[in-house]
Amino acid sequence: MKEKILAFLRNRDGFVSGQTICEELGVSRTAIWKYINVLREEGYEIESVTRKGYRLLQSPDVVTREELLGYLPAHVLAGEIRYYNTVDSTNEAAKRAASAGISAESIFIADRQTSGKGRRGRVWSSPGGEDVFFSILLRPDLSPEAAPLLTLVAALAAVETAGKHSGEACQIKWPNDIVLHDKKICGILTEMSVEMDEIDCVVVGVGFNLNRLQFDSEIEDMAGSIRKETGKRIIRAAFLADFIQIFMDKYHRFLEEESFSMFVEAYNDHLINKGRQVRLVRRGQELLRTALGINEKGELILEDENGTIETVLSGEVSVRGLYGYV
Ligand code: BTN
C-alpha cells in the first residue's frame, strides 16, 4: 500500500486529496496518514495542506524497491527486487536466495556492504549513502563455457549507462572494469553455480562508484566516481533503473542469438586497451603486448613485437597499462 500511495503522489503534479486516495486505493484516511508518516520517516518530503491534500516535494536518494520502481517499468525484471540497508555482499544474498528457490531475474540491492567482494579475492569497498551495489540472479539456458560472456554483456551495459549519466565517454578496461578519466568507477564480479555440467544460476554483481568523493588510501590512485570526475551528483535509483533496462535488453538478445558477435564492435569501440601496449601478467611473468581488441569469444587479441598474434582469456591472465592501471 505504501508503494501505491507513493506512486499516486508521484504521478500527480499538484496536490492529491486524501479522499481521492481513499476512493482509488480503497483505504481509510487514517491508514493513508500512517503510510504518509512512514514515507516521511524514510526521507520523502510530503507536504500536507488542509482541504488540498498531499503533495510530494522531494524523494530521498535511496535505491529501495519503491524508488527503483519509480523509474523502472515493472515488467523489465521477471523476478523480485530485494533491498538491504546493510548486507554482507549482494552476491552472497543472491546465492542464498537462489538456494532457497527465488525466481530468475531477481535483483539484490544494498546501500552498504560489510564484506563486498571483488575479483581475484579482493575486497570491494562498499560504504553507504553514495554508491550502488547490486547483483542480478539469472538462470540462463547456456553452456557453462558461455557464462563468462555475460560479464562482458554487463560491462557493455555499464559503460553505456555511465556514459549517459556522466555525459562523458566512459571506457571498458578488459574484461569488465569501467573507466572514466583513467579512474575505475565500476567493477563486475560474476559467479556461477553449475550442476551436472549445466548452469544452475549465474550471479552478476556490480559495484558502481557514483557519488563518493573520498576513497581509502590503498585505492585512491586508481578509483574514481562519476561525481568526483564530473562534479555531477547522480540519482542512484534512476541510474540503476537505466542499467537494468539496458542490461536486460542485451541479455535477452544474447540468449536469443546464443552469441556475443553482435556486441563485439560496440565493446571494442569502448575498449581503453585497444591499440595500446599492455603488460600481460601470466603465471608471475610479465610480457609486453599490443592489445588489438576482443573476439566473439570475449578473448583479448594481443600482438607481440614480431607481429605474432595470440588470444587470452580473462581467467588466465591479468592486463595492466604500461604505466599503471590503464
Ligand atoms: C572487481 O573486483 O572489479 C569486481 C567488483 C564487484 C563488486 C560488486 S558490488 C555488488 C556485488 N557484491 C559483491 O560482493 N561484489 C559485487
Side-chain angles (χ1 to χ4, degrees), residues 63-64 68 81-98 102 106-138 147-148 150-159 161-162 170-180 182-193 201-212 215-216 218-226 234 236-237 239-240 243-244 247 270-273 281 298 300 314-315 317-321 324-326:
V63 219
T64 54
L68 188 62
I81 298 172
R82 291 200 180 167
Y83 171 77
Y84 309 87
N85 276 322
T86 302
V87 75
D88 51 351
S89 146
T90 55
N91 271 31
E92 293 304 316
K95 288 192 273 178
R96 287 191 291 267
I102 198 168
S106 290
I107 187 164
F108 304 80
I109 309 160
D111 183 55
R112 167 176 172 265
Q113 298 183 117
T114 52
S115 306
K117 300 191 303 176
R119 294 175 69 224
R120 301 175 190 277
R122 287 191 278 256
V123 167
W124 185 258
S125 155
S126 317
E130 307 284 12
D131 303 327
V132 64
F133 314 105
F134 60 94
S135 303
I136 302 181
L137 172 78
L138 304 166
L150 287 173
T151 314
L152 304 190
V153 176
L156 200 49
V159 81
T161 315
C170 298
Q171 290 122 338
I172 303 172
K173 176 183 175 285
W174 183 80
N176 51 22
D177 287 357
I178 307 304
V179 175
L180 173 58
D182 286 355
K183 300 282 185 187
K184 176 166 173 172
I185 57 165
C186 166
I188 303 172
L189 174 68
T190 299
E191 297 184 85
M192 167 171 62
S193 132
C201 69
V202 176
V203 173
V204 179
V206 185
F208 250 114
N209 302 334
L210 297 182
N211 295 309
R212 203 187 320 178
F215 292 87
D216 297 342
E218 311 88 73
I219 56 170
E220 69 179 349
D221 284 349
M222 186 180 116
S225 71
I226 295 185
I234 304 298
R236 294 188 289 167
F239 185 96
L240 179 55
F243 172 86
I244 294 169
F247 173 70
H270 288 289
L271 188 63
I272 196 165
N273 316 94
V281 186
L300 188 64
S314 67
V317 294
S318 80
V319 161
R320 309 277 292 171
Y325 168 59
V326 281

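In listed order, ligands and their atoms are each counted from 1. Just so you know, these numbers use all the heavy atoms, side chains as well, and skip hydrogens, waters and symmetry mates.
Here the CD1-NE2 distance, from Ile178 to His270, works out to 9.0 Å after rounding to the nearest 0.5 Å. Note that the CG atom of Leu240 and the CZ atom of Phe134 stand 5.0 Å from one another [nearest 0.5 Å]. How far CD1 of Ile107 is from CD1 of Ile136: 4.5 Å, rounded to the nearest 0.5 Å.
Residue, atom and distance of the protein heavy atom nearest to atom 15 (N) of ligand 1 are Lys117 O, 2.8 Å. At the shortest separation from atom 5 (C) of ligand 1 among protein heavy atoms lies Trp124 CE3, 3.3 Å.
Atom numbering of ligand 1 starts at 1 in the shown order; those under 4.0 Å from a heavy atom of Arg119 are 1 (C), 2 (O), 4 (C). For ligand 1, the atoms lying closer than 4.0 Å to a non-hydrogen atom of Gly116 are 14 (O). Atoms of ligand 1 lying under 4.0 Å from any heavy atom of Thr90, numbered from 1 in the order shown and given with element: 10 (C), 11 (C), 12 (N). In summary, the atoms of ligand 1 found under 4.0 Å from a heavy atom of Ser135, numbered by their order in the structure, are 11 (C).
Heavy atoms of Asn176 found under 4.0 angstrom from ligand 1: none, in either backbone or side chain. Only the side chain of Gln113 comes within 4.0 Å of ligand 1, judged by heavy-atom distances. Of the heavy atoms in Ala110, none comes closer than 4.0 Å to ligand 1. Heavy atoms of Lys184 found under 4.0 angstrom from ligand 1 belong exclusively to the side chain.
Classified by interplanar angle (parallel below 30°, tilted 30° to 60°, perpendicular above 60°), the ring pair Phe243/Phe208 is perpendicular.
In this comparison of Asp131, Thr151, Val87, Ile188, the heavy atom closest to atom 4 (C) of ligand 1 sits on Ile188.
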